[in-house]
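Just so we're on the same page: letters track the sequence lines, and every chain starts at 1.
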Protein chains: 2
Amino acid sequence: MASPPSIATGNETYSPRQNAVLESALGLLVEGGERALTTAGVARAANCSKESLYKWFGDRDGLLAAMITFQSSKVKAAPAASGARGRAALAAQLAGIAVNLLKVLAGDVSLALNRLAIGQARRGEADLGLLLREHGRKPIETRLSALLEAGRRERLLDFADTREAYRTLYGLIVRDMHVRLLLGDSLDGEEPAKRAAQAIDEFFRLFGTEENTGPARERTGAGNERTG
Amino acid sequence: MASPPSIATGNETYSPRQNAVLESALGLLVEGGERALTTAGVARAANCSKESLYKWFGDRDGLLAAMITFQSSKVKAAPAASGARGRAALAAQLAGIAVNLLKVLAGDVSLALNRLAIGQARRGEADLGLLLREHGRKPIETRLSALLEAGRRERLLDFADTREAYRTLYGLIVRDMHVRLLLGDSLDGEEPAKRAAQAIDEFFRLFGTEENTGPARERTGAGNERTG
DNA sequence: AGTGCAGCGTACCGTACGGTACGGTTCCGG
DNA sequence: CCGGAACCGTACCGTACGGTACGCTGCACT
């Protein structure tokens, strides 16, 4: 509600030329961070004029917002939930989303964009952060929450508050990886698939129903086995 | 262009006058973000001259590094582990650290500093991020890990890899709160004590030994004597 | 062909910032 | 009382960046 009129709502789409420009800008951002993302630099990298940049995106902040919405629009590949039932199927679907989440969060572009939004966020005001949360986290939360509630309807999971359960699952999957990456740390040998499987397993141990937790007591149930 | 030898290792200490200046700089950063942290602005806010800033801290980056080490040196309040034994005592100690962690992470200065370091981190290079990880996370990890291993020695906990267990505990405590805060979100009604108690409870359900997991089954009690 | 529009490239402007230099003041040791 | 060191306040410099203006080219439409 507080968004000034110039802020993008994220629903807009851009011409192919503009997409190419945004792609160049993202590359520039990934490469050199925010301070490499000058209007002159973007114009040079994209072979366009600064005047066009300002015509298309208003000002520099508009360009940044457009970069976020553009990037998030590219990731919009949501496979429809399969109708499979049962604990194994649910675990597999959860693990799939978890792997996807981990890979997205660790991606160069995502990290650069998050750094950008975080870097310019202040006390109360955080225009880009809002955009990023809306476009980046909301979809994941929606998908995971839907899956969790489906699992609850099947009596495979037992939890009271969906949002709370989702957050715990998120914590188990991501832990401190995201912030560490944002701070410049490199994830040493963290295998996304392994991490995801372990997180899902732990989540089931916490929120699985008794009759379904039983057979999984021997921690190996979740398909993927830890090698260590 | 690589870091000049002036980069702080973190062990240095500053004169009272310099501490006051750093305090002013932190206030400025908290208030207006990185772009409010100009050398002229710091000098004005601290009633010192720019020349002194450059003499004391080398350049702007040196000032930023000094701010981080200074702030971390202030938080160095580590209560010695009490010798109490048993599951309840361990849980209480873990919860205490967890609450402390949550409060620190959500603090204005911590958030501002993390935003600063993240905002200027790039692909490989992340001078400030390294400093922040070294001074901010390492101590917490050390304390928590020591506690976890003590619990394992007492046969209260069962885990193979301490670092893995620590990370899972961290994920259960913090979840996505940190990144959300960094992005400008406000934690709605997340009560640190409540969150910490729940995380510790969940952690025990995952890694507590069988004989000790039993009594905790009634998940509401969980020994939060802190009435948070 | 003529006309208008979109866009490229470049030049330009104002400002803000990092960093340096300098004069004036306070304080301390001798 | 003297000399110097530390330091404040301010002025100054060069540069870089956001934003604007302008001239030119190519294309679409009639």
Side-chain angles (χ1 to χ4, degrees), chain A residues 4-8 12-26 28-29 31-68 70 115-117 119-120 122 125 127-128, chain B residues 1-8 12-25 28-29 31-68 115-117 119-120 122 127-128:
Chain A
S6 75
I7 201 69
E12 35 250 299
T13 176
Y14 301 100
S15 76
R17 179 79 184 102
Q18 292 167 7
N19 284 353
V21 170
L22 291 174
E23 195 69 54
S24 293
L26 283 176
L28 221 49
L29 177 68
E31 196 51 39
E34 169 169 18
R35 61 184 208 189
L37 200 72
T38 68
T39 55
V42 171
R44 197 179 322 115
N47 285 327
C48 76
S49 71
K50 284 173 67 174
E51 195 167 17
S52 300
L53 287 183
Y54 284 97
K55 172 184 291 187
W56 293 333
F57 307 109
D59 57 0
R60 186 173 183 271
D61 289 341
L63 174 64
L64 302 184
M67 289 167 65
I68 291 182
F70 168 67
R115 290 202 184 104
L116 178 67
Q120 69 93 244
R122 290 200 305 267
E125 171 193 9
D127 9 352
L128 289 188
Chain B
M1 209 43 112
S3 347
S6 73
I7 197 70
E12 35 249 299
T13 176
Y14 300 101
S15 78
R17 180 79 184 100
Q18 291 167 8
N19 284 353
V21 170
L22 292 174
E23 195 69 53
S24 294
L28 222 49
L29 177 67
E31 195 50 39
E34 169 169 17
R35 60 185 205 187
L37 199 71
T38 68
T39 56
V42 172
R44 197 179 323 116
N47 285 327
C48 77
S49 69
K50 286 172 68 175
E51 196 168 17
S52 299
L53 287 183
Y54 283 98
K55 172 186 288 186
W56 293 333
F57 307 109
D59 57 0
R60 187 173 184 271
D61 289 341
L63 174 65
L64 302 185
M67 289 167 64
I68 291 182
R115 290 202 184 104
L116 178 66
Q120 66 99 51
R122 291 201 305 266
D127 10 353
L128 289 189

Participant: Using side-chain heavy atoms (C-beta onward) and a distance below 4.5 Å, is A:Val21 in contact with A:Trp56?
Facilitator: yes
Participant: Hey, is the side chain of A:Arg35 poking within less than 4.0 Å of OP1 or OP2 on D:dG18, counting only N and O atoms?
Facilitator: no
Participant: What nucleotide among D:dA21, D:dG9, C:dG19 has an atom nearest to a side-chain atom of B:Asp59?
Facilitator: C:dG19
Participant: Between atom CG in A:Leu53 and atom P in D:dC17, what is the gap in whole Å?
Facilitator: 15 Å
Participant: Could you state the atom-to-atom distance from CZ of A:Arg60 to P of D:dC17 in whole Å?
Facilitator: 10 Å
Participant: Would you say CZ of A:Arg17 has more than 12 non-hydrogen atoms from neighbouring residues, nucleotides or ligands within 6.0 angstrom?
Facilitator: yes
Participant: Check whether any side-chain N or O of B:Ser49 sits under 4.0 Å from OP1 or OP2 of D:dG9, and answer yes or no.
Facilitator: no
Participant: Does the side chain of A:Leu53 come within less than 4.5 Å of A:Cys48's, by heavy atoms?
Facilitator: yes
Participant: Taking 4.0 Å as the cut-off, does a side-chain nitrogen or oxygen of A:Thr39 come that near to OP1 or OP2 on D:dG18?
Facilitator: yes
Participant: Round to the nearest Å and state the distance from B:Tyr54 atom OH to D:dC8 atom P.
Facilitator: 15 Å
Participant: Below the 4.0 Å mark, does D:dC7 have OP1 or OP2 next to a side-chain nitrogen or oxygen of B:Trp56?
Facilitator: yes
Participant: Carefully, step by step, assess A:Glu34 and A:Arg60 under the rule salt bridge (Lys or Arg N to Asp or Glu O under 4.0 Å).
Facilitator: CA-CA 12 Å; A:Glu34 169 169 18; A:Arg60 186 173 183 271; 3.6 Å; yes
Participant: Atom CZ of B:Phe57 to atom P of C:dG19: distance rounded to whole Å?
Facilitator: 14 Å
Participant: Report the nucleotide, chosen from D:dC17, C:dT20, D:dT20, that has the shortest atom-to-atom distance to any side-chain atom of A:Thr38.
Facilitator: D:dC17
Participant: Nearest whole angstrom, please: distance from the C1' of D:dG18 to the CD of A:Glu34.
Facilitator: 13 Å
Participant: Calculate the interatomic distance between B:Leu37 atom CG and C:dA16 atom P; express it in whole Å.
Facilitator: 17 Å
Participant: Roughly, in whole Å, what's the span from CD in A:Glu51 to C1' in D:dG23?
Facilitator: 11 Å
Participant: Can you tell if the side chain of B:Leu64 reaches within under 4.5 Å of the side chain of B:Leu37, non-hydrogen atoms only?
Facilitator: yes
Participant: Grab the NZ-C1' distance between A:Lys50 and C:dG14 for me, whole Å please.
Facilitator: 12 Å
